[in-house]
Every structure is written in structure tokens, then in C-alpha cells.
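Everything on this sheet refers to the single structure shown next.
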Amino acid sequence: MIGHIDADCFYVSCERIRSYSLRGVPCGVLGNQGACVIAKSYELKAYGVKTGHPIWEAKKLCPQAVFVKRDFRWYEVISRQLLELLKTVSPQVEYYSIDEMFFDASQLQHTFQLPLTAATRALQTLVQEQIGVPVSIGIAPSRTLAKLGSDSAKPFGVHVIEKQCEAFLRSQPVGELCGIGSRSAKKLHDRNIHTCWDYREADRLMIRKLLTIKGEALWWELRGDAVNQIQTTRPPQKAIARGGSCGGKTTDPNRIRAWAVRNIERLIEALDHHRVYARHISLQIDANKTALWLGRTPLAVPSASFRMIYDAVMPMLAATPTNHPVSHMHIIAENLTWRDKIQQSLFFEEAQSPLDQLKRDINQKLGRFAIRSAETLPLHEIYHDATHNYDICDISGKMCF
Amino acid sequence: MCTGITIAWHDVPAKLIQKFQLEERMIQRSETAEKEILFMQRHRRPLLPVFYQGELHILPWGNRQRNSNAPLAWWCEVSTLESGVWSIYHPEPAEIQANFGLERGVWFQIREGIQGIIIHDQHEQPYAYMLLQPSSHYYQVMTGYHREPVFLGEQI
């Protein structure tokens with residue numbers, strides 16, 4: 001049996017651990033800019049506030065709501081505590097995301113000396129008592145069923161699903177399946193597949209043709225055959241991206257360049273952290289959250305050098321249409337390779353120059369961005385405001401965002 | 001500026017609740033939430049819960065009485081305080097106790113409290129003033145206001 005544990009309104013629950021006064025209060029956690037709700041309590045959800053709502057709409061929907069500044073480091077501390085606790089009751093745990101984990105539930109009854117449902121409730125109580133976070137747990141023969149189970153049990157429920165679960169699958173819309181997005185759901189609806197049971201009963205080859213091998217894996221999983229196993233270590237990334245909002249729309253070329261350079265420096269930090277080099281660099285520029293420009297440049301050699309990535313990004317940036325205000329930007333390192341597995345070159349500069357290493361060493365010692373490119377000077381409000389650090393929720397080791 | 005704060009009901013001694021009739025200011029954000037006491041600048045009698053000289057006091061929030069020689073204001077800018085303009089009033093540091101603050105319709109969490117000052121007028125009546133500073137980008141986006149209180153142990 002496979003278990004799926006999912007923390008209920010995780011960010012808010014983390015805040016409630018250290019702030020008793022937030023308990024029972026309609027509460028929203030705000031994102032990096034302080035503008036959007038990135039997580040909300042069930043009390044706030046009841047007023048119709050959704051993730052992604054801007055604060056000026058959220059405060060109208062719920063005038064008594066309290067908004068909290070995000071603290072991803074604290075959330076990581078709690079997330080890792082949950083991971084470590086789970087490892088004490090299960091031989092295999094997959095760190096799926098900051099608030100979701102899959103685990104091997106075969107030992108659960110033995111550990112708690114209880115029948116499976118009671119043992120699952122005991123685990124839920126243990127997490128609540130030791131970590132302080134309410135969780136929902138699904139137990140099933142496959143990952144997909146386990147996740148469906150925990151999702152349907154929210155908030156603070158447990159759901160043990162057997163292989164024969166027709167009534168349950170009939171009650172679940174096919175869009176609830178992890179891996180079925182709105183486009184896939186539409187394709188399935190067009191073929192009269194509306195519920196998870198319809199999906200399970202559909203022709204396997206038709207599903208494979210329609211949704212590739214991943215769709216077929218879901219088909220098997222819904223039948224209780226565990227096709228997707230628990231992964232205890234994270235496979236190497238296919239790409240690493242850094243970017244996001246440019247702090248409001250801008251057409252100022254100096255600010256746009258400054259954002260690009262800042263994102264390059266953040267990307268190099270991430271490449272250093274994961275011990276990889278990039279073979280390709282892509283630049284995505286958005287206007288009003290719509291892709292305005294996407295460029296891709298191969299690097300001469302796998303690299304994490306500021307100079308080399310800068311030289312790849314800037315021509316792409318210069319080619320960007322200038323008649324639209326830029327709202328978001330992402331710089332993406334692709335075709336990654338481990339640092340200890342690259343062929344040394346006689347003809348090109350090192351993958352990282354001594355200057356890159358010196359900059360990294362100083363910043364590690366004196367603080368992030370203690371040394372940074374002078375091209376980031378137009379973003380003085382970002383660097384001079386300690387609270388505005390554009391942090392992201394990037395925790396190494398977990399499988400997805 | 002911050003135009004309102006709340007403090008948890010259980011953080012205020014019963015004798016102060018009774019003395020200042022704070023029951024009227026009790027609010028509860030949901031059925032399961034803690035009771036709070038609301039202190040708004042627009043109240044007929046604006047008050048602040050202030051930790052001063054080792055205990056919690058409920059003091060007038062700023063001064064709006066012209067017969068008092070305390071400054072006719074609600075708050076004090078840090079830069080003004082540092083320039084020495086307020087030194088004639090002999091300000092004393094104090095901690096304004098608060099769980100949540102209100103700014104332009106947005107309630108936000110306050111972890112430890114807000115820095116304030118106490119000034120006594122010619123009749124030795126104390127007044128509490130909130131210290132303000134230019135707001136961070138985050139606070140400005142969140143509330144739409146360019147000044148924020150000086151928070152204890154954090155900057156929002």
C-alpha cells in the first residue's frame with residue numbers, strides 16, 4: 001500500500017504553529033511583493049478568496065482577514081520536520097513537494113499495532129502533536145489513488161481506498177487526477193469520460209493514443225496497479241529557471257537589463273547549489289503574463305560563468321520587442337550536466353572563472369548580493385530593502401514545486 | 001499610518017478591561033478565533049495598550065486636546081524624533097502591544113509589538129505616540145501606504 005500525506009493549508013498552518021493568535025482567524029499568506037494571496041486558511045476560503053487573488057480584492061471579500069508575510073525558510077523547517085517524522089514510520093518516503101509526501105504504508109499497521117484505518121488516524125494524530133500541522137492522508141494500492149484519497153479527505157481526514165472502489169471513483173471528476181490538466185480533461189470530456197471511473201473503464205489503447213504513456217500509467221494506477229513507484233531521491237533537473245515579476249510593468253531598458261542581470265546572478269546561485277552546468281540558456285519575457293518573447297542560445301561549453309550566461313542573455317534581450325511593457329521575466333538553464341562529468345576544453349574559458357568563485361565566496365561569507373553586478377543599480381529599492389528579497393520557495397530534494 | 005490595532009483579550013488584565021470599559025471593543029474574527037480588543041484611532045476615545053515601566057497601561061493614543069501641551073498628533077516620525085524636535089517633551093520609549101494592525105483596510109500580523117513613545121503634558125497626563133518610518137516596498141504594496149510603524153524585532 002502507498003500513502004499520500006498532504007498538509008492542510010500548509011503555509012497558514014506553519015504560521016499558526018508560531019502564532020497562536022492566528023488560530024481560527026481567516027488568514028492569507030502574501031507572496032513576495034505583498035500583492036497576491038499565495039495561500040489561505042479554510043476560514044478565508046469560505047469567503048471566496050482564492051489563491052492568486054490580489055490583496056485589494058481579498059480584503060473586500062473578507063474585511064476581517066489577517067494577512068501574513070511569507071517566510072519560506074520557516075515553511076522549509078516544518079516541511080523537513082514532517083519528512084523526518086514520516087521516515088520514522090515508513091521505510092520509503094518521497095519528498096514530493098513542500099507539503100505533500102508519498103510513503104510506503106506497508107509497515108503502518110505493524111508500527112502502530114492497529115488496523116490500517118486506525119493506524120492512519122494514529123499517524124495523523126502523531127503529526128498534529130509533534131509537528132503541529134493538520135494533515136490529510138490517503139492510503140491506496142497506487143500513488144494516484146492515494147492522492148485522490150487524501151484530496152477527497154481534506155481537511156483533516158483520512159481515506160483508505162481498496163482496489164475495488166467504484167463508488168468513490170464515480171464521485172471523482174477526471175480533472176481531479178494529478179496529471180490531467182484542463183486541456184487533457186477537455187479531450188477526455190469529448191470522449192464522454194467525465195469521472196475517474198469512466199477513465200478506468202475506458203479503452204487502454206485509446207487513452208494511450210490520447211494522453212501518451214503518462215495517461216496510460218494513470219489508467220493502470222486507477223486499477224490499483226502501482227506503476228509509478230515511490231522515488232526516494234530526486235532525479236537531476238531538466239532545467240533550472242530564475243525570474244518572476246519585474247515589480248510592476250516597465251518599459252525602461254535600464255530596469256529591464258537590471259532585472260535580467262539580477263536573474264542571471266540568482267540562476268548562477270542555483271546552478272552552484274545543484275552542482276550543475278548549463279548547455280543552453282533561454283530567456284522568456286512576458287507582457288501582462290502573456291509570453292512576449294522567447295529566445296534560446298546554446299553555450300559554447302557547459303557553463304555557470306556569469307560572463308558566458310550574460311553574453312548569451314543580452315543579445316536575446318536586445319531582440320525583444322520594445323513596444324510592450326515587460327511584466328515578468330524568466331531565465332532558464334537547460335540541458336544541465338553534472339559538474340564532475342564534463343569534458344574539459346582546451347579552447348574555451350573555464351566553466352566558472354576565478355572571479356565567479358571569488359564573488360560566490362564573498363557572498364557566502366558576507367551575505368547574498370554583497371557583491372553584485374553594477375548593472376543591477378537601477379533596482380535600488382530591491383537591494384536596499386531587506387524585507388524585499390524576492391525569495392522563492394525552492395527547497396532542494398523535493399520532486400516538484 | 002497604522003490606524004488600528006488589536007490585542008488578544010487574555011493579554012489584558014481584567015482590571016484594565018473593567019476600568020476602561022474595553023468589553024465594548026471586543027471583536028472576534030470567527031467563531032473559533034480568540035477574542036481581541038480593538039483600538040482604533042477613530043474611536044471617540046482613542047487608546048493604546050502600552051507596556052511601560054514594567055506593566056501594561058491603557059493610555060490615550062496621541063493628543064487631540066488643545067488645553068494640553070502634548071503635541072497634537074497621533075504618531076511621531078523616527079526622523080523627527082532623531083532630529084531632536086521632540087526632545088522638549090522628554091519622550092520616553094515604550095512598547096505598544098499588538099497582535100494585528102490595520103492600515104487602509106488591510107489587517108496584518110504584528111509579531112512582537114510596535115515601538116512608541118510616551119510624553120507627559122503639563123498635568124503629568126501621559127500620552128502614547130506610535131513611531132513611524134518610511135514603509136518598505138512590501139508594506140507599501142500590501143497596504144498602499146508610504147509609512148509604516150516601527151515594529152519590534154521585525155520589518156514587514
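A note on names: the letters A, B, ... follow the listed sequences, proteins ahead of strands, and every chain is numbered from 1.
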Just how far is it from atom [atom1] of [X] to atom [atom2] of [Y], taken to the nearest 0.5 Å?
X	Y	atom1	atom2	value
B:Arg104	A:Trp56	CZ	CH2	14.0 Å
B:Ile7	A:Ser21	CD1	OG	10.5 Å
B:Phe100	A:Ser19	CZ	OG	7.5 Å
A:Tyr47	B:Ser30	OH	OG	7.5 Å

*Verify the neighbour count for atom CD of B:Gln122: are there more than 12 heavy atoms of other residues, nucleotides or ligands below 6.0 Å?*
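Correct, the count exceeds 12.
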*Please indicate whether A:Lys45 has more than 12 foreign heavy atoms, meaning atoms of other residues, nucleotides or ligands, lying under 6.0 Å from its NZ.*
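No, because the 6.0 Å sphere around NZ of A:Lys45 holds 12 heavy atoms or fewer from other groups.
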*Could A:Lys69 and B:Tyr138 be counted as a cation-pi pair, given that NZ or CZ must be under 6.0 Å from the ring centre and within 45° of the axis?*
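A:Lys69 over B:Tyr138 ring: yes.
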*Could you name the residues of residues 23-30 of chain A that have a heavy atom within less than 4.5 Å of a heavy atom in chain B?*
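So the qualifying residues are A:Arg23, A:Gly24, A:Val25, A:Pro26, A:Leu30.
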Looking only at heavy atoms, which two atoms of [X] and [Y] are closest? And how far apart?
X	Y	value
A:Val66	B:Gln109	CG1-N, 3.9 Å
A:Ile55	B:Val141	CG2-O, 4.5 Å
B:Arg29	A:Gln64	NH1-O, 2.8 Å

*asked:* With a 3.5 Å distance limit and no angle check, can you tell me whether A:Lys59 reaches the backbone of B:Thr143 through a side-chain donor-acceptor pair?
replied: no
*asked:* Do A:Val68 and B:Phe108 make a side-chain contact, defined as non-hydrogen atoms from C-beta onward lying under 4.5 Å apart?
replied: no
*Residue part contacting chain B, namely of A:Ala65, when any heavy atom lies under 4.5 Å*: backbone
